[in-house]
Every structure is written in structure tokens, then in C-alpha cells.
Visitor: 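The structure is given below, and queries will be raised subsequently.
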Amino acid sequence: MPDASSVLLQRLQAAFDTVAPGADPVLRVSDRADFQANGALALAKQVGRPPRQVAEEVVAAASLDDICSEVEISGPGFINLTLSDAFVAAQLAALSADPRLGVAEVERPETIVIDYSAPNVAKEMHVGHLRSTLIGDALARVLGFLGHDVRRENHIGDWGTPFGMLIEHLIDVGGAMRAETFSVRDLNEFYAAARKQFDSDPGFAERCRRRVVLLQSGDEETLRLWRIFVAESMRHAREVYELLGVLLTDDDIVGESFYNPLLPVVVDELDSRGLLVEDDGALCVFPAGFENRNGEPLPLIVRKSDGGYGYPATDLACVRDRTGRVGATRLVYVVGADQALHLRLVFAVAALAGYLPDASAAVHVAFGNVLGTGGKKMASRSGGSDRLVDLLAEGIERAEAALKERSSDLSPERQAATAHALGVGAVKYADLSTERVRDYVFDWDRMLAFEGDTGPYLQYAHARIRSIFRRAHLPPPPPGSPLLLGEPAERPLALQLLRFAEAVEVTAETSSPSKLCTYLFDLATTFTGFYEACRVLVDDQAVRSSRLGLCDLTARVLEQGLSLLGIEAPEQM
RNA sequence: GCCUCCGUAGCUCAGUGGAUAGAGCGGCUGACUUCUAAUCAGCGGGUCGCAGGUUCAAAUCCUGCCGGGGGCGCCA
């Protein structure tokens, strides 16, 4: 189903072509009418006629009678366009008949690897993992809904120098045999203790380095201990993922260790392309265009002077694996903004190495920090209680308290489920609704408020609509039922509903879930405007059916939209 | 020093080169025997960090400043 604005654009394009072939109509949503076309102003100079005259020529050439009720030239040469009620109603009926609510599948599906969440083994997940997990999950849902082949990859930090330290400490405290009984909560303290030892005891530090070598060379006893850390950490991560309701499963884990066997291969391939330079004993690639603080070429260190590999090597192997074995046409990295330079280096070197045929295929979806109310970064302070499990539990607890205040008639089980949906939804929406790259302040009171631009408000808007049907004992009208737009408040709602596809597409193009949030909040407020102005359960059969149709459609779009954000939409609150 | 991101109402933030820059929260004034008031309507609130430039048109694009965050060779 071609949506309203593309139909309009098509018609206008044809008209503009008669004045100047290829001219952009510059079609925009307008506050003066439904749409406005601003292209005449840009064209005036080019064709050497006054903008208003150009606008008149365009309007004269345009065939809009069947879709517009009003076409007016205004100001210096804006073309204001008002769609006819009949056209809007027909579009809306088609939308309601469409299970995808107007969102078309892409013509050329891509294989897209989304790299997100990426917790570290031997540490509990903390606030620092929240944004990657939520943004990545929302993007996975959106891109999947658009018909792409989405491959979620959870690039867990399960390899490298910390493990030498952890394993040596485990042996020291005599836990090698009973390590299976460790909980991840122990591991948090465990990590801190090992770290302390590492920093203060040179002998211990040396043993750790040797242990890393053993690990990387595949020593069986070392691997056995390592697996215990990994298994326990992932058990914890799974808990967090279940609490959050994200899509990630064990099948999505492709940790750093996975790429270990590939690292020497990468070194060989870089070498055979003449890219490697030895510098202070380290093997480096110096891609053009990068400088350090002294104005010297900036290296990507592929192999350290001690012969070990760091995460640059792993990341290169990772690109190679994703474009090669996985066959990805697009790589999406949902990684903090502080990694921008590192990723640019990796992408540049990957391109030189031939791992990235299309340099624009790798995208860094960067995000800012979560700040505490003091304005300081809310990431992992050593030993601080910023554990995600605690955070989410608190959100659910607060939501439950808020629910109880409101004398709801939900069963205890229903109430618990709703509290979960609200608490987690609030955290998710607060994170997703602010523009990704900015920092945001984590504030319980604001995100859990039932008024304003919050998750609970949207969930409430949805539940409220569903309750209309439940309490009236009426089913929603069948999809595609006729819709009437008699009242002034019905038009804006209809138009907003018709914009859903665009909102989803823009969200995907910009990798910005906040766009979808803004759309949904606008939809919810537009709906309440309609709901205030128009009584739904009226006697007139046709009007009632139409308004029920608008309600149902709004609820469906809200539910679908929230679902794309990974947020539940309870039927009842 | 270089690179990068950010700077919009008291606070938190929207804002695809287009007309008079918008929401939410807070404040003030109203609307409830509710189709769920967990809501809505109205009022007040602005040198869009500053200065140039490009353009018919700049919060938006370019340059330079100011202020803040982050990054800049063997942690990941």
C-alpha cells in the first residue's frame, strides 16, 4: 500500500518536472495544512521567474483533485496541501487491513550483524551495559521487522589479560577444585581482590602473564578454569536478559575467545598486504589520516611487543568473520561514543586488509553515558551498587508501589506482571527516548511518572484504549472497516497513524530509537485529544464503528511501536 | 595541542535548509456522579553559547571563537 505522503510526492514530482525536470518538491509536514511543498522557492532563481508564479505553474500542472481537498499558495510561494477526508479515510482503512500497519518490507534485505550488549566475563552486568543492550535490541527488532536478516552478536569480553589474573587468584585461594560452586556475586569481589594482588605483587603479576600465555595456547587445565568463569558469568547475564526481555540468547554469544584462532591469520594477511610495521617491538598498521597527540602517525597495534594480542586484533578478526563467514552486508556496532576513534581505526585497517569491501557498511551506533542525578557518570565504580539486577529490581518495586497507590483491580499475579512491564518499560523508554549520542540523567521519578513523555504514559494510553473494548464488551471492528472523519479531532489522529511507517523507516536509517519514541508519544497525545473531543460509544452505528476503528488502530500502532522498542504493552493496568 | 560529540524555556529534552522555534516537567488558572482524571484545556516563560559567512530562506550548512564531555601506542 503506497502511503499518503508518497502518493502526494509522486503527484507533485510530476508537476514539478513540467516546470524543471528533476526538481525536488521539498514536501514537508505542515502546521498550516496537512503538508506543504516548498520546492517553488528554490526553483524561482533557477527558472528566472518569481516564486509565487512558479508555485502557480506547479499547481496548474498537478493532478491532485482526487486526493486533496485544498491546494493553496501562500506567503512567498509555499504550496499548502490539505488531503481530502475521503482519501485519508481510504488510506486509513487500508492501513487497518494491513497486519504490518503500513510498514513495507525492504526491497533488498541485507544481512546485518548487530553487535551489542557485550558484558565482561567475571563481572556482573552494570549500568554501563544498559544502553548498548537496549539500543541494540531495539535496532535488532526494527531492522528485523523491516525484513532484514538480522544476526545478533553478543561480543562478550571473555578473553585477554584479566583472565590470567583471575585464574591465578582462583588457584591461590584454593578454589580450583570447588570453583563450580562460585556465584557471580563472588566473582565481583573476586575480581577486585585479584586486581589488588596484581597491582601490589610483582611475582603474582608475572604468574598472571604466564597464565595468559597458557590460556591462549590452549592449556587444558587453564581452559577448564576459564570455562567456569564464563559459564557463571553467562548464567548471570541470562538472568539480566530475561528480566529485561531482550532477544539475546546463548546462541548469540560470539565472544572475543571465538576469534583467538583467527588472530595469527589476520597478522599473516596484513603482512602479505605489506601493511604491518614493527614499532617498539609491536606489529602495527598505520592507516592514513590518523595522528596522535604529537602529530605522528597513529597505529592500530595488531600484536603487542610481548607477542600477545589485544582487542584491536580481535576486532579485525571479527570484521573479517562477519563479512566473510557470516556474509554480512552491514555491520552495526552499538558501542559507547568513547570508542569512536578506535572503531574508525579498525574500520580503516579492515578496509585496507580487504575485510570490508564497502567501507560505509560498518556503522558505529555511538551512545553517551548514563549519569547519576549528580551529573556524574553512573558507570562501574569499584564495588558500587550499580548492578543491573538491582537497578531493575528497584524499578519493578517502584512500579509496583505506584500501581498499589492507584487501587487497581488487578489480580496479584496480574499486578506483578504489570509492575514488571512498567518498571522495565520505564527504564527502557527513558534510555531509548533521548537522542543516543547525548548523555542522560537517570532519574526514577521522571521515568516512572505516568504523565509526560515516559514509558508508563504510553503503556497507559494503550491499556486505556483496550479497556474501552473490554468494558463495552465489543470486539474491534474487522480490519479494513470503513472509517469516517467528521470531527476536527479525528483528522490529526488519522494523519498521525498514517505516519507510522515513516517513523519506523527513519528510526532504521538513523539507528535512532528516539525517533520512534517521539512518534509514539505524539500519537498518544494526539489520541487523547481525539478521545477528549469525541465520544466513542455513541448510538450512531457507523460513527461508533469508525471511532472504535480509530481506537483499535491506535492501540495496534502503539503496541507494535512499543514492541519494536522492546517494551511490553499490557492489556490492562 | 589535535580529533570528536554536545550547548535550544527555570529543569529534562524534540526540532528531516522553510513561514510565528515546539513538547514534557515544575508554576499559575480551569475541567471529574470518568466510554480508566494514571487525563485534558488555557496562561506565563527564548540574545536557539558568541561572531562572521553561504542562501530567496539558517536552531539546522561552513569557518573561527567560548564553555562542557570523551578520545589521542602496547587495558578492554
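In what follows, chains are A, B, ... by sequence order, proteins preceding strands, each numbered from 1.
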Visitor: Can you find a donor-acceptor N/O pair under 3.5 angstrom joining the side chain of A:S74 to the base of B:A19?
Guide: yes
Visitor: Would you mind telling me which of B:G69, B:A14, B:G18 lies closest to the side-chain atoms of A:R28?
Guide: B:G18
Visitor: Kindly say whether the aromatic ring centers of A:F530 and A:F527 come within a distance under 6.0 Å.
Guide: yes
Visitor: Would the base of B:A14 count as contacting A:E435 through its side chain, where contact means a donor and an acceptor less than 3.5 Å apart?
Guide: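 Between B:A14 and A:E435, which were checked side chain against base, a qualifying N/O pair under 3.5 Å is absent.
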Visitor: Which value, in whole Å, describes the distance between the C1' atoms of nucleotides B:C65 and B:G26?
Guide: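 Approximately 35 Å lies between the C1' atom of B:C65 and that of B:G26.
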Visitor: Taking any heavy-atom pair under 4.0 Å as a contact, classify A:A337: base, sugar-phosphate, or nothing.
Guide: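 Counting heavy atoms under 4.0 Å across all strands, no contact is made by A:A337.
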Visitor: Tell me the interatomic distance from A:L537, atom CG, to B:U36, atom P, rounded to whole angstroms.
Guide: 8 Å
Visitor: Using whole Å, what does the distance between atom C1' of nucleotide B:C74 and atom NE2 of A:H342 come to?
Guide: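 These atoms are roughly 13 Å apart.
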Visitor: Verify the stacking flag for A:F78 against B:A19: centroid separation must be under 5.5 angstrom and the ring planes must differ by under 30 degrees.
Guide: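 Stacking between A:F78 and B:A19: present.
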Visitor: Report the distance from atom CG of A:L81 to atom P of B:A19, rounded to the nearest whole Å.
Guide: 16 Å
Visitor: Does A:C534 reach a base, just sugar-phosphate, or nothing at all? Heavy atoms under 4.0 Å.
Guide: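 If one applies the 4.0 Å heavy-atom cut-off, A:C534 turns out to touch a base.
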Visitor: Can a donor-acceptor pair be found between the side chains of A:S6 and A:D3 at a distance below 3.5 Å?
Guide: yes
Visitor: Identify whether any heavy atom of A:D306 sits under 4.0 Å from a base atom; if not, whether one sits that close to sugar-phosphate; answer base, sugar-phosphate or nothing.
Guide: nothing
Visitor: NA contact type, A:A463, heavy-atom cut-off 4.0 Å: base, sugar-phosphate, or nothing?
Guide: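 Base, at least one base atom sits under 4.0 Å.
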Visitor: P atom, B:C2 versus B:G44: distance in rounded Å?
Guide: 47 Å
Visitor: What about A:N369: does its side chain form a donor-acceptor pair under 3.5 Å with the base of B:G69?
Guide: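 Donor-acceptor pair under 3.5 Å: no.
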Visitor: Hey, what's the ring geometry for A:Y519 with A:F500, parallel, tilted or perpendicular (30° and 60° as the breaks)?
Guide: tilted
Visitor: Do A:I79 and A:V58 have side chains that get closer than 4.5 Å, going by heavy atoms?
Guide: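 SC-SC contact between A:I79 and A:V58 confirmed.
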Visitor: Scan A:N294 against the nucleic acid and name what it touches under 4.0 Å (heavy atoms): base, sugar-phosphate only, or nothing.
Guide: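 Nothing, no nucleic acid heavy atom in range.
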Visitor: For B:G22 versus B:C43, give the span between their P atoms, rounded off to a whole number of Å.
Guide: 13 Å
Visitor: Rounded to the nearest angstrom, tell me the gap between atom CZ in A:F35 and atom P in B:G18.
Guide: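 Answer to the nearest Å: 15 Å.
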Visitor: On the side chain of A:N80, is there an atom forming a donor-acceptor pair with the base of B:A19 - under 3.5 Å, no angle test?
Guide: yes
Visitor: Under 4.0 Å, heavy atoms only, any strand: does A:R470 hit a base, just the sugar-phosphate, or nothing?
Guide: base
Visitor: Expressed as a whole number of Å, how far does the P atom of B:G49 sit from that of B:G7?
Guide: 8 Å
Visitor: Both A:P297 and A:Y440 contact RNA chain B. Which one's nearest nucleotide lies toward the 5' end?
Guide: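 Per heavy-atom nearest nucleotide, the more 5' residue is A:Y440.
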Visitor: With sugar-phosphate meaning primed atoms plus P, OP1 and OP2, does A:A402 contact a base, only sugar-phosphate, or nothing at under 4.0 Å between heavy atoms?
Guide: nothing
Visitor: Name the nucleic acid region contacted by A:V29, choosing base, sugar-phosphate or nothing; use a 4.0 angstrom heavy-atom cut-off, strictly under.
Guide: base
Visitor: Do A:Y440 and A:F367 have their ring centres less than 6.0 Å from each other?
Guide: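 No, ring centres 6.0 Å or more apart.
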Visitor: Across the strands shown, which category fits A:Q36 at heavy-atom distances under 4.0 angstrom: base, sugar-phosphate, nothing?
Guide: base
Visitor: For A:L523 and B:U39, what is the distance between atoms CG and P respectively, to the nearest whole Å?
Guide: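 In whole Å, B:U39 P and A:L523 CG are 16 Å from each other.
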Visitor: Look at the side chain of A:Y460 against the base of B:A38 and say whether a donor-acceptor pair falls under 3.5 Å; ignore hydrogens and angles.
Guide: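 No such pair is found, so the answer is no.
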Visitor: What about A:Q339: does its side chain form a donor-acceptor pair under 3.5 Å with the base of B:A76?
Guide: yes
Visitor: Given that both distances must come in under 3.5 Å, which nucleotide forms a Watson-Crick or G-U wobble pair with B:G17?
Guide: none
Visitor: For the pair A:F258 and A:H155, evaluate ring pair (Phe, Tyr, Trp, His ring centres under 6.0 Å) and give the outcome as yes or no after the intermediate values.
Guide: CA-CA 9 Å; A:F258 175 84; A:H155 193 77; 9.5 Å; no
